Amino acid sequence: MAEGLYQLAEEHEELRAAVRALAEKEIAPYAAEVDEQERYPVEANQALVKAGFNAVHIGEEYDGQGADAIGACIVIEEVARVDASASLIPAVNKLGTQPIILSGSEALKKLVLPSIASGEASASYALSEREAGSDTASMRTRARLDGDHWVLNGTKCWITNAGESSWYTVMAVTDPNAEKKANGISAFVVHKDDPGFSVGPKEKKLGIKGSPTREIYFENCTIPADRIIGEPGTGLKTALRTLDHTRPTIGAQALGIAQGALDAAVAYVKERKQFGKAIAEFQGIQFMLADMGTKIEAARHLVYASAASSERGDKRASFTASAAKAYASDVAMSVTTDAVQLFGGAGYTRDFPVERMMRDAKITQIYEGTNQIQKVVMARSLLKG
Ligand SMILES: CCCCCCCC(=O)SCCNC(=O)CCNC(=O)[C@H](O)C(C)(C)COP(=O)(O)OP(=O)(O)OC[C@H]1O[C@@H](n2cnc3c(N)ncnc32)[C@H](O)[C@@H]1OP(=O)(O)O
């Protein structure tokens, strides 16, 4: 049998070791404070930028690291293992730039990508609206061409890292009379300093408190005509294709949160003594650990397989991206809940990280499409054959 076929490349393992060392030294010490104070993880951002881990997916031709999709997942996973909020820095940079990478002109790529790679800027993705969440095609934000400018009007919501990002990829209706709503939507790049652009107050959330989530507003927001991504009418397809590449990264984030919770639980049960011995010696505890570890391992394989599939652009990419995101996020919720249980009363307090991890895990079942929507995508893909 051929050796080493079913394992990560050495460069992936080296990347993991480097990100883990950085995350433990420069990100973990601030994770509890970032959550408690609901502040942006500036220390994590600085450390990630300095090490070149803030947007590893950007190609070398745009001054990036040119990491593959598995490499990008490993970075997100390892940062999420210590701080889910900080892991949104590389994750949202990928989400915000992927529409440009997939469908943008060379000029747009040159305008945006090097600034993200260097860490001078970051990017957010603006698809959802209050009345158009799962049903994206029902969005109301409008863009109309006025001479050599596009003029945008409307409100986008749930925008991750809004206010911190300089660039926003924004989907808006350009043809309200299109026979199929999806074909009347276009994608654009907006800069925070463009006239008519503003951000709202931070949402008060259950978890990922270090990552600001805000509405963003377009009031006659005027951008140059060449800031459209691809052809008019292709914006929703680009936005949905983007999710095929980024749902695996949410799977990676969920995986990292789950691994962090398992690692904390394993350390705790070896220390915690009851009935005269470490609780790790009780079979009831051991069975829980075994189940948690199994779920994490299964999620890890699915996440990496989906990342590779999205990069190859094979037929199963939509299915595997949705499956990885839905499965890994369910694992994160179940493993973090069990981790809190293993800590007992202590796990319910902020003296230990597992309660934060349990709160952070929840969003992974919701954003980039609820897990119910993932099942719609998966079933459609299966039925299409
Ligand atoms: C980094 C982490 C930060 C996270 C920040 C939070 C960010 C977010 O949460 S982003 C927003 C999340 N929102 C979602 O995931 C939306 C969920 N909804 C969906 O996925 C879709 O709207 C869904 C599946 C319900 C389909 O909607 P529906 O209106 O039926 O569209 P549908 O007709 O299937 O597709 C429209 C067109 O796009 C095409 N299309 C659909 N999926 C894809 C795809 N994956 N790739 C390419 N084209 C696609 C379709 O073929 C169709 O084109 P055509 O008519 O020519 O065949």
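As the structure lists them, so they are numbered: ligands from 1, and atoms in each ligand from 1. Owing to the predicted nature of the structure, the values given are computational and were not obtained by experimental measurement.
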Side chains of Ile208 and Tyr367: closer than 4.5 Å at any heavy-atom pair?
-> yes
Taking the six-membered ring for Trp, are the ring centroids of His301 and Tyr327 within less than 6.0 Å of each other?
-> no
Any donor-acceptor N or O pair under 3.5 Å, side chains Ser103, Thr238 = yes
Which ligand 1 atoms does Lys180 reach within 4.0 Å, using its non-hydrogen atoms?
-> 33 (O), 52 (C), 54 (P), 55 (O)
Purely on distance, is any nitrogen or oxygen of Tyr125 under 3.5 Å from one on ligand 1?
-> no
Under 4.0 Å to a heavy atom of Thr136 - the qualifying atoms of ligand 1, by number | 16 (C), 22 (O)
Quick one: do the Asp244 and Ser310 side chains pair a donor with an acceptor below 3.5 Å?
-> no
Flag Thr160 as yes when one of its N or O atoms lies below 3.5 Å from any N or O atom of ligand 1, and as no otherwise.
-> no
Under 4.0 Å, heavy atoms only, figure out whether ligand 1 is touched by the backbone of Lys94, its side chain, both or neither.
-> neither
Which bit of Ile250 is near ligand 1, meaning a heavy atom under 4.0 Å away: side chain, backbone, both or neither?
-> side chain
How close does the nearest protein non-hydrogen atom get to atom 40 (N) of ligand 1, and which residue and atom is it?
-> Leu240 CD1, 3.9 Å
Please state which protein non-hydrogen atom is closest to atom 9 (O) of ligand 1 and give its distance, to 0.1 Å?
-> Glu368 N, 2.7 Å
Step through it carefully: locate the ring centre of Phe197, locate the ring centre of Tyr217, and say whether they are under 6.0 Å apart.
-> no
Look at atom 38 (O) of ligand 1 and say which protein heavy atom is nearest, naming residue and atom and giving the distance to 0.1 Å.
-> Lys237 CG, 3.4 Å
Output the distance between atom OG (Ser85) and atom NZ (Lys205), rounded to the nearest 0.5 Å.
-> 7.0 Å
Measure Ala182 to ligand 1 on non-hydrogen atoms and call it side chain, backbone, both or neither using the 4.0 Å cut-off.
-> side chain
Between Thr370 and ligand 1, find which residue part has any heavy-atom pair under 4.0 Å and reply side chain, backbone, both or neither.
-> neither
If you measure every N/O of Tyr367 against every N/O of ligand 1, is any gap under 3.5 Å?
-> no
Are a donor atom and an acceptor atom from the side chains of Asn93 and His57 found within less than 3.5 Å of each other?
-> no
Between Gln37 and Tyr30, a side-chain donor and acceptor under 3.5 Å = no
Using a 4.0 Å heavy-atom threshold (strictly under), name the region of Ile159 that reaches ligand 1: side chain, backbone, both or neither.
-> neither
Is Glu106 atom CD crowded by more than 12 heavy atoms from other residues, nucleotides or ligands, each under 6.0 Å away?
-> yes
So is Asn183 polar-close to ligand 1, meaning N/O to N/O under 3.5 Å?
-> no
In terms of atom number and element, which parts of ligand 1 are under 4.0 angstrom from non-hydrogen atoms of Ser318?
-> 45 (N)
Between Ser329 and Asn371, is any side-chain donor less than 3.5 angstrom from a side-chain acceptor?
-> yes
Using a distance threshold of 4.0 Å (strictly less than), state whether atom 16 (C) of ligand 1 has a protein heavy-atom neighbour.
-> yes
Answer side chain, backbone, both or neither: which part of Val377 comes under 4.0 Å from ligand 1, heavy atoms only.
-> side chain
Does Ser128, backbone or side chain, put an N or O under 3.5 Å from an N or O of ligand 1?
-> no
Nearest-neighbour protein heavy atom for atom 18 (N) of ligand 1, which is reported as residue plus atom name and distance | Ser134 O, 2.9 Å
Does atom 51 (O) of ligand 1 have any protein heavy atom closer than 4.0 Å?
-> no
May I ask you to identify, for Lys156, whether its side chain, its backbone, both or neither come under 4.0 Å of ligand 1 on a heavy-atom basis?
-> neither
Does NZ or CZ of Lys156 lie under 6.0 Å from the centre of the six-membered ring of Phe218, at an angle within 45° of the ring axis?
-> no
Based purely on interatomic distance, does Asp135 place a nitrogen or oxygen under 3.5 Å from a nitrogen or oxygen of ligand 1?
-> no
